[in-house]
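Read through the structure below, which is laid out as structure tokens, and then see the notes.
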Amino acid sequence: MHNPRWRKVVRELWLNRTRTTLVVASIAVGIFAVGTVQLLRSVILTELQAIYVASNAAQATLFVGGVDEDTLASVRRIPEVADAEGRSSLSVKVEAAPGEWQNLTVTAIEDFGDIRINLLDPVYAVAGNPGFGAERTAWPEKNEIVLERSGLTAQDVLPEGLQVGDELRLLSVNDRERMIRVTGAVYDPNGFSARFSGTASGYVDYDTFERLGGERAYDQITLRVNGTPEQQLDKDYITGVANAAADKIEKAGYTVRRVQVPDPGRLALQDLFDALALLLTPLGLLALLLSGFLVINTISALMAQQVRQIGVMKAIGGRRGQIVIMYLGAVLLYSVAALVVAVPLTVVVAGGLAAFLGSFINVEFPRWSLPPAVIGIQLLVGILVPLLAALFPVFRGTAVTVREAVTDYGVGAPVSDDGWFTRLLKSIKGVSRPMQLSLRNTFRRKGRLALTLVTLVLGGMLFMTVGSVRSSLDGLINTGLDYYQFDVQVQLGQAYRTERVEQVVRTIPQFTVTEGWLGAQVLRVRDDGSEGNPLTMTALPSDSAMVKPTLTSGRWLLPDDQNAIVLSQNVLSSEPDLEVGDVMTLEIGDKESQWTVVGIAQVLGGPPNVIPVYVNYPYFSWLTADMSRATSLQLKLDPAGGLTQDEAATLLNERLDAAGYEVASVFTIDTLRRFTGAFFDIIVYLLLAMGVLIASVGALGLAGTMSTNVLERTREIGVMRAIGASDGSVLRIVIVEGVFIGLISWVFGAMLAWPVGALLAQTVGAVLFQQALPYVFSAGGLATWLVIVVVLAVLASFLPAWRASRLTVREVLAYQ
Amino acid sequence: MLRLPFLRKSTNGHNGNGAGTDADALISLRGVIKSYKTPAGEFQALKGVDLRVAPGEFVAVIGKSGSGKSTLSNMITGIDRPTTGEVVVAGTPVHKLREGQIAEWRGRNVGVVFQFFQLLPTLTVLENILLPMDFCNMYTTRERKERALHLLDQVEMVEHAGKLPTALSGGQQQRVAIARALANDPAIVVADEPTGNLDSRTADAVFHLFENLVSEGKTILMVTHDDDMARRVTRTVTIADGQIASDTAGARARVVAPAAHGTVHHAHAPHAVPVFGGAARLSEGAHA
């Protein structure tokens, strides 16, 4: 580079390494934030879509009672059905540690060589479990099992150090011990991660399934439908085909407990990631905006420091345009350096975050991907934003005339004596003189202070807000789970006389209260004759002590209600026309009946794609001729009884089984809590990561401001030292100024944290749960940020303060 | 061998007390008033100054602090603009130039030397001298370097070419600053208190450099408050309260006959460079 102009530019970047580092870091944070959000979004959504396609995911699943091969074949013959497969599941026990038995969901598959729907992917290596590394997974034969991989990395659900070839000790449904050999691991992208459910799962053939107490009949029918590409993505169409299949199965004399039609073209948890992307995108842009502010601040300071040099360059023939290009060139170099730092960092961090999120949902996202679109956005943002941010300070800085530049000497920047704020500062009494100096110094460069405060305030605000969102999510869990006043729920295979089943329950004295409910899968028949999504109807006593509903509108059921129905809020996403007072037609079994909507309730949790509605038990049992019968049992457990919910549920399952009752599923509130907690953790961790990122932008801003302030006042510090200020005094004056800025930002941040937290909680609620979160303001977040901001301020001002305290009077006064 | 125009030689010597016509003046100020707005009210730094400087003159502008002498030099370099009045330098009405035009005009026509040297701290000595040529796009890249080294040779700083200014003494820095002022071969050099920050021995050496430049045909206007220096120039203009109080021929008026000197083609130079009076090489004393 022969050109002395560019040599000056490059040399100054190198000689002012601290400043260069700060600017590069400021730009890099913005590039990183935007890139990470984009990369995460791109990787997750692309991969989920790829997995969905690759696994040939079921478009509908029918939960049925013991269907035979002929009936399954008749379902396949429905013209709209492209393919149908049957599977069966049951819950057995596995010895996870000596004497420690855990639930294990075992699914039977007729022919492992011919799985066509919900494909299983043999896994040859399981991260974190070397026992599955070297050997090839084989499909299981008699007395063998292949395990779903997420169980191998989840805690305490399977024996530690399990390897291919090891035998698992299982307890069959009828309490027989069975030794089953592990043949490897598979990945089932359509199942739930063991980390979420707390239960491992595995796949066996039907011989093994029978040995474990299962029946050679299908209890799940998965469907793929025929149709145009549009129809493949039309949930109503798929529901129609699934309902036709359900009709066929029922006509063959089997029960259909539930028809599940997930959103077409999407994996179960894709909604969560869409919602997260929706939340993270504005936060990424906020980080970028703040990084732009930092660039403005730093470049303004740089230009202020360069006033004299700019003047001299103009004096020796430099035109303003040439000088502007020099400084914009410097900004471009900062950008390039920031890109060099930020792009690889994005790949590493976004990859890590994707892996972390993937561990929740049993998806292995590609670790080292960088799609061209993401790098394009980073390049665009990394170059354009700093240049745009620098335009104003560079143009303003280069407007200085030679006269202004070369006559700029003396002590510090002049401070205007008028203005109420200066008078206010002057009127502060009772603090030491150095402290007064710190306070007044804080407000000397008001523009710079404002930009620093904006970054710190927004960073702090977001940090404090995340605390409130977390509290609100906890509040939602508590309110939502408050609905469930029971501890254990048992879904029975059919309606049994309540009194008789209760006799079995009474053999376990830890259960204090039992209530039997009826349930059915029903369909809304719209006015135009079309059918809506399957709804899960629950018929319960209106005064049930087992639920505590939270109503968003209308009322709960009353004892005298007959055809009154309370809808869960989820109904409204597929049936948005319904409101309190409307009459709706429901198809229950073969019969249609009219129901009046009396209330809308908030319901959280429960299995995915289950849309609950509630009706009065006496009327429903009369309607279905199931009086004094129950299809589910709700039970309260004595907390001092010495049984956990899971233990009690397993015990009851066994007793009911032994007594000849068919149990479809067992569900505990602990499981629900764990499930929802893990789900919410993802949101909170991601928001916290963004909060930390934005707070670090604030800290960078403060560090930049403090070092610029000190640099500008080098001469002034020299004068102070000449008149007797000790190292400690200089250090204190600078650090107090930094802490003071931090405290001001905390006050403003705290003031904004309440309303913004409410807004964020509302947004998170709206995108994730279609309802506002019950807003709980976190005072803990306020206190935590106060501590953090003071520590950050001390750290950010210490280095410049220390440097200032090291300067000798001679050096300082010679400073140009 | 490429020859470049060098000194715009004076054909006219000293013209005494500012007399002479605008036509033969290199610098001409007519009725220049300069006012500043200050918190204390309006302040007139120059109150109707008329001044003409002929080519080849060595003019000292003296006066007390705040008298307006720096403002006067700023008018000539285009660093500042008159509130009213005209400033014509080397035929260019400087007061009419736009800010963007002034910088390039100055870079090509006026060499500026500051009291505090004002070398760019992050550029080496050589690069500081290359910079004006770069800004004004003068000479080819190769010629620039050769020229810069020659100028440094003339101020006896060539062995310091690769150093940063902070490694130099005040006197050395000022010599580099003078070399830089000559980088684009301007006809005029304006120096504002060029010896004000130097010890007397070094100041004397720097002054001697100026004398040699005048002998080469340059026109120099030097602001100073050093009466001894003022006595050694060809003409002394005294400013008091923003007005020219006196304009007299200095003690050494006509000592140097510019016509006797002129462009010297240095034996090693590819093009003409100024020579500072042969034997009058600088030997600096104590560091400033």
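Reminder, nothing fancy here: chain letters follow the sequence lines and each chain counts from 1. Because the structure is a prediction, the values reported are computed rather than measured.
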>> Check this for me: B:Arg98, atom CZ, are more than 12 non-hydrogen atoms of other residues, nucleotides or ligands nearer than 6.0 Å?
In response: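 Result for CZ/B:Arg98: open.
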> Is it true that atom OH of B:Tyr36 has more than 12 heavy atoms of other residues, nucleotides or ligands lying nearer than 6.0 Å?
Replying inline: yes
> Checking A:Arg319 against chain B: side chain, backbone, both or neither under 4.5 Å from a heavy atom?
Replying inline: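 A:Arg319 touches chain B through backbone and side-chain heavy atoms alike.
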> Closest approach of A:Gly318 and B:Ala103, non-hydrogen atoms and distance?
Replying inline: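 Answer, listing the atom of A:Gly318 first, then B:Ala103: O-CB, 3.1 Å.
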>> Under the side chain to side chain contact (heavy atoms under 4.5 Å, CB included) test against A:Val312, which residue among B:Leu120, B:Leu131, B:Asn128 passes?
In response: B:Leu120
>> I need the single residue from B:Thr77, B:Ile79, B:Thr71 that forms a side chain to side chain contact (heavy atoms under 4.5 Å, CB included) with A:Arg403. Which is it?
In response: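 Single side chain to side chain contact (heavy atoms under 4.5 Å, CB included) partner of A:Arg403 among B:Thr77, B:Ile79, B:Thr71: B:Ile79.
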> Under 3.5 Å, is there a donor-acceptor pair between the side chain of B:Arg106 and the main chain of A:Lys314?
Replying inline: yes
> Hey, is the main chain of B:Phe135 close enough, under 3.5 Å, to the side chain of A:Gln322 for a donor-acceptor pair?
Replying inline: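 Confirmed, A:Gln322 side chain pairs with B:Phe135 backbone.
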>> Looking at chain A, which one of B:Gly107, B:Ala183, B:Cys136, B:Pro132 has the largest number of heavy-atom pairs inside 4.5 Å, strictly under?
In response: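 Heavy-atom pair counts peak at B:Pro132.
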> Using a cut-off of under 4.5 Å for heavy-atom pairs, which of B:Thr124, B:Val112, B:Leu123, B:Asp192 has the most such pairs with chain A?
Replying inline: B:Leu123
> Considering the options A:Arg11, A:Lys8, A:Arg5, which one meets the side chain to side chain donor-acceptor pair (under 3.5 Å) requirement together with B:Glu127?
Replying inline: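 Testing each of A:Arg11, A:Lys8, A:Arg5 against B:Glu127, the sole residue satisfying side chain to side chain donor-acceptor pair (under 3.5 Å) is A:Arg11.
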>> Could you measure the distance from the CG atom of A:Asn3 to the CG atom of B:Asp134? Nearest 0.5 Å is fine.
In response: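 The CG atom of A:Asn3 sits 4.0 Å away from the CG atom of B:Asp134.
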>> If I take atom OG1 from residue A:Thr401 and atom CG from residue B:Asn74, how far apart are they, to the nearest 0.5 angstrom?
In response: 9.0 Å
>> Counting C-beta onward and ignoring hydrogens, is there a side-chain heavy-atom pair between B:Pro121 and A:Gln309 closer than 4.5 Å?
In response: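 Yes - at least one pair of side-chain heavy atoms lies under 4.5 Å apart.
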